[in-house]
Participant: 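Pasting a structure here, questions to come.
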There are 2 protein chains.
Amino acid sequence: MASSNICSDCAVRDAALCGSLDDVELRALNSIGERRIYPRGSTIIWAGDESVICANLLSGMLKLATSTPDGREQIVGLLYPADFVGRPYAEEADHTVEALTDVELCIFPRRQFERVLDDHIRMERLLLQRTLTALQEARARMLMLARKSASEKVADFLLEMAAKVGASGCRPTPGGPLTFDLPLTRGQMADVLGLTIETVSRQLTRLKGAGIITLPGMRAVTISDRAALQAIAAAA
Amino acid sequence: MASSNICSDCAVRDAALCGSLDDVELRALNSIGERRIYPRGSTIIWAGDESVICANLLSGMLKLATSTPDGREQIVGLLYPADFVGRPYAEEADHTVEALTDVELCIFPRRQFERVLDDHIRMERLLLQRTLTALQEARARMLMLARKSASEKVADFLLEMAAKVGASGCRPTPGGPLTFDLPLTRGQMADVLGLTIETVSRQLTRLKGAGIITLPGMRAVTISDRAALQAIAAAA
DNA sequence: CGATTCGTTGACTGTACTCAAAATCGGTGG
DNA sequence: CCACCGATTTTGAGTACAGTCAACGAATCG
């Protein structure tokens, strides 16, 4: 049976929460888990719905968003492969989870996942540490959203993306220009940064004009002067 | 010895993390803990310093803040009695922790606290749940900081304060006007809301002018029209 | 090839920030 | 009790940054 050892070929086996489990434990988790693929743009969890699933993100990117009653949206987190999805120990889902790219998830029914958590201290401990880190990140983002200017936000975001996605990007010479594809549309970038589409676009063209970046394609970015970008992100 | 049963007269015994412990466990925690009092305005933890302590907040209020290199500050969390303070499993303190009022803390050396955590699953589980809740709160605050107007922010804040501190405030008739003291200065409110002092002040006078609140003293607030305040917080 | 989504650019507006001054509160000491 | 001082708050005038509205260009897809 394929499902009896889906973990063996898991791309994020070591990086994800399950990395803490031994083979016996893994089989237990295996029996309640299920791989599923969602196309880009699909909503995996709706905010306010009953919290029925948890998952590990195997590949692709997810966004985590909340919105005001009148429709203003804010992306409160971006999830990368091996990140944990969902909210154990709560009856309701806090945020809407949507696929930014095609994604592959390893899904567990929430209740059963909680039981595994209860039975496997190492896994729970890992989740605690991840959650503490996520909290720290969220708070850092609060500073950015509340106190940074549009140019700082955009520069900051480009650097973060360079760090996260840029690993796979192409860098001709070390320290030299780095090119990668943004996994987000301008509108999504705006939702992350607490700006509007127009402002994001303008800031990007400003950076292009200053010779700090180039925009070879709609989604592609090349960072040609990383130091300048860092200077902007830190201060002005 | 007083220290051998400091927990017995603890005001937050049931609400705090330690509420999960039985008497034997409590004695263990007792032996590494120590009560300490800090005057208002004192800094308990500096961001970036080595993370050496964790604590439970017994009484008073703490602020949790980060700032940009050039000095812009943002309060990323407010802590109330029974809340947990500090960052286990990290070498460095994430945020600066400062006393907004005189506070009483029950302090533990971080390393030793982590050991207690490791040995007492119930406590670790509680901490996980608290952290998940804090993460949810932080993300909700991200939405507010990034997407809400000044008037929404102030209205929101007043309602939150009414809920948190207002319990002890005086409410002549149920559903009627509620009066309480703000534990924060205008400047601190501005730091919470991502605004300036002047904007906070102006919004308060606007609310006063609209007959929704009155400001009997420098720190006191009376909410006379809660429904109107909620309407502002939700929408405009 | 047209339709649609996404991105850029422009002109204008408005909200919140900055700078500055006056008013109020709280405490101290004559 | 009152005068005085510093800190906090309020108010005012002017500015700037980012938002809004609108049009246009570019890319993608059927």
Side-chain angles (χ1 to χ4, degrees), chain A residues 39-42 63 68 70-74 98 100-102 144-158 181-210 213-221 232 235-236, chain B residues 39-41 68 70-74 100-101 144-158 181-210 213-221 232 235-236:
Chain A
R40 159 185 179 164
S42 49
K63 75 172 202 195
T68 54
D70 63 328
R72 284 168 283 175
E73 181 175 286
Q74 177 62 35
E98 196 183 307
L100 291 175
T101 64
D102 293 348
M144 162 157 125
L145 290 172
R147 298 296 184 193
K148 295 202 178 170
S149 68
S151 51
E152 288 172 295
K153 287 177 179 180
V154 170
D156 220 305
F157 180 79
L158 288 178
D181 273 345
L182 292 170
L184 281 70
T185 65
R186 299 286 185 267
Q188 289 164 340
M189 290 175 58
D191 284 345
V192 171
L193 300 173
L195 299 169
T196 57
I197 296 181
E198 294 93 326
T199 302
V200 171
S201 180
R202 274 187 252 269
Q203 291 300 330
L204 287 173
T205 43
R206 257 193 68 226
L207 289 174
K208 189 175 65 177
I213 63 170
T214 54
L215 303 168
M218 184 105 64
R219 286 301 184 78
V221 192
I232 294 175
Chain B
R40 161 185 175 160
T68 54
D70 63 328
R72 284 167 284 174
E73 181 176 284
Q74 177 62 36
L100 290 175
T101 64
M144 162 155 125
L145 289 172
R147 297 296 184 192
K148 294 202 179 171
S149 69
S151 52
E152 289 173 295
K153 286 178 179 179
V154 170
D156 220 305
F157 180 79
L158 287 177
D181 273 346
L182 293 170
L184 281 72
T185 66
R186 297 286 128 92
Q188 288 163 340
M189 288 175 58
D191 284 345
V192 171
L193 300 174
L195 298 170
T196 58
I197 296 180
E198 295 93 325
T199 302
V200 171
S201 179
R202 273 187 253 269
Q203 291 301 330
L204 287 174
T205 42
R206 257 193 68 226
L207 289 173
K208 190 175 64 178
I213 63 169
T214 54
L215 303 167
M218 185 102 63
R219 286 302 183 80
V221 192
I232 294 174

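Below, read A as the first sequence line, B as the second, and so on, with proteins coming before strands; counting in each chain starts at 1. Atoms considered below: every heavy atom in the structure, side chains included; atoms not considered: hydrogens, waters and symmetry mates.
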Participant: Going through the checks in order, is the side chain to side chain contact (heavy atoms under 4.5 Å, CB included) test met by B:Leu182 and B:Phe157?
Facilitator: CA-CA 10 Å; B:Leu182 293 170; B:Phe157 180 79; 4.3 Å; yes
Participant: So, for B:Gln74 and A:Ala146, which heavy atoms are closest and what is the spacing to 0.1 Å?
Facilitator: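 Shortest heavy-atom contact: OE1-CB, 3.2 Å.
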Participant: With side-chain contact (heavy atoms from CB on, under 4.5 Å) as the test, pick out the partner of B:Thr196 among B:Leu193, B:Thr199, B:Val200.
Facilitator: B:Thr199
Participant: Please state how far atom CD1 in A:Ile232 lies from atom P in D:dC17, giving the value in whole angstrom units.
Facilitator: 14 Å
Participant: Rounded to the nearest Å, what distance is computed from the CG atom of residue A:Leu195 to the P atom of nucleotide C:dT15?
Facilitator: 18 Å
Participant: Can you list, in residue-number order, the parts of residues 184-194 of chain B that come under 4.0 Å of DNA chain C, counting heavy atoms only?
Facilitator: B:Gly194
Participant: Under 4.0 Å between any heavy atoms, over every strand shown, what does A:Leu204 touch: base, sugar-phosphate, or nothing? Just pick one.
Facilitator: nothing
Participant: When you check the phosphate oxygens OP1 and OP2 of D:dC17, does a side-chain N or O of A:Ser149 lie under 4.0 Å from one of them?
Facilitator: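 Checking A:Ser149 against D:dC17: no side-chain N or O falls below 4.0 Å of OP1 or OP2.
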Participant: List the protein contact pattern of nucleotides 20-30 of chain D with one symbol per nucleotide (5' to 3'): B for base contact, S for sugar-phosphate-only contact, - for none; contact means a heavy-atom distance under 4.0 Å.
Facilitator: BB-----S---
Participant: List the atom of A:Ala155, the atom of A:Ile232, and the distance in Å for their closest heavy-atom pair.
Facilitator: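 Looks like CB-CG2, 3.8 Å.
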Participant: Quick one: does A:Lys63's side chain have a donor or acceptor within less than 3.5 Å of a partner on A:Glu98's backbone?
Facilitator: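 Looks like no, no N/O pair under 3.5 Å.
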Participant: What is the distance, rounded to the nearest whole Å, between atom CD of A:Gln203 and atom C1' of C:dG7?
Facilitator: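 Rounded to whole Å, this separation is 15 Å.
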Participant: With a cut-off of less than 4.0 Å, is there a side-chain N or O of B:Thr205 near OP1 or OP2 of D:dT11?
Facilitator: yes
Participant: Just to verify, what does A:Arg147 make a salt bridge (Lys or Arg N to Asp or Glu O under 4.0 Å) with, not counting sequence neighbours?
Facilitator: B:Asp191
Participant: In terms of side-chain heavy atoms of A:Arg219, which of C:dG7, D:dA18, C:dA16 is nearest?
Facilitator: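 It is C:dG7.
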Participant: Show the nearest heavy-atom pair for residues A:Pro183 and A:Thr101, with the distance to one decimal.
Facilitator: CB-CG2, 4.5 Å
Participant: For B:Lys148, give me all partners under salt bridge (Lys or Arg N to Asp or Glu O under 4.0 Å), at least two apart in sequence or on another chain.
Facilitator: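 For B:Lys148 the salt bridge (Lys or Arg N to Asp or Glu O under 4.0 Å) partners, ignoring immediate neighbours, are B:Asp156.
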Participant: Quick one: bend of the helix from C:dG7-D:dC24 to C:dG30-D:dC1 from 5 pairs per end, to 10°?
Facilitator: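 One end axis against the other gives 30°.
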Participant: Closest heavy-atom contact between A:Ile197 and A:Ala190?
Facilitator: N-CB, 3.7 Å
Participant: Considering only residues two or more places apart or on different chains, which pairs with a residue in residues 198-210 of chain B satisfy salt bridge (charged side-chain N to carboxylate O under 4.0 Å, His left out)?
Facilitator: none
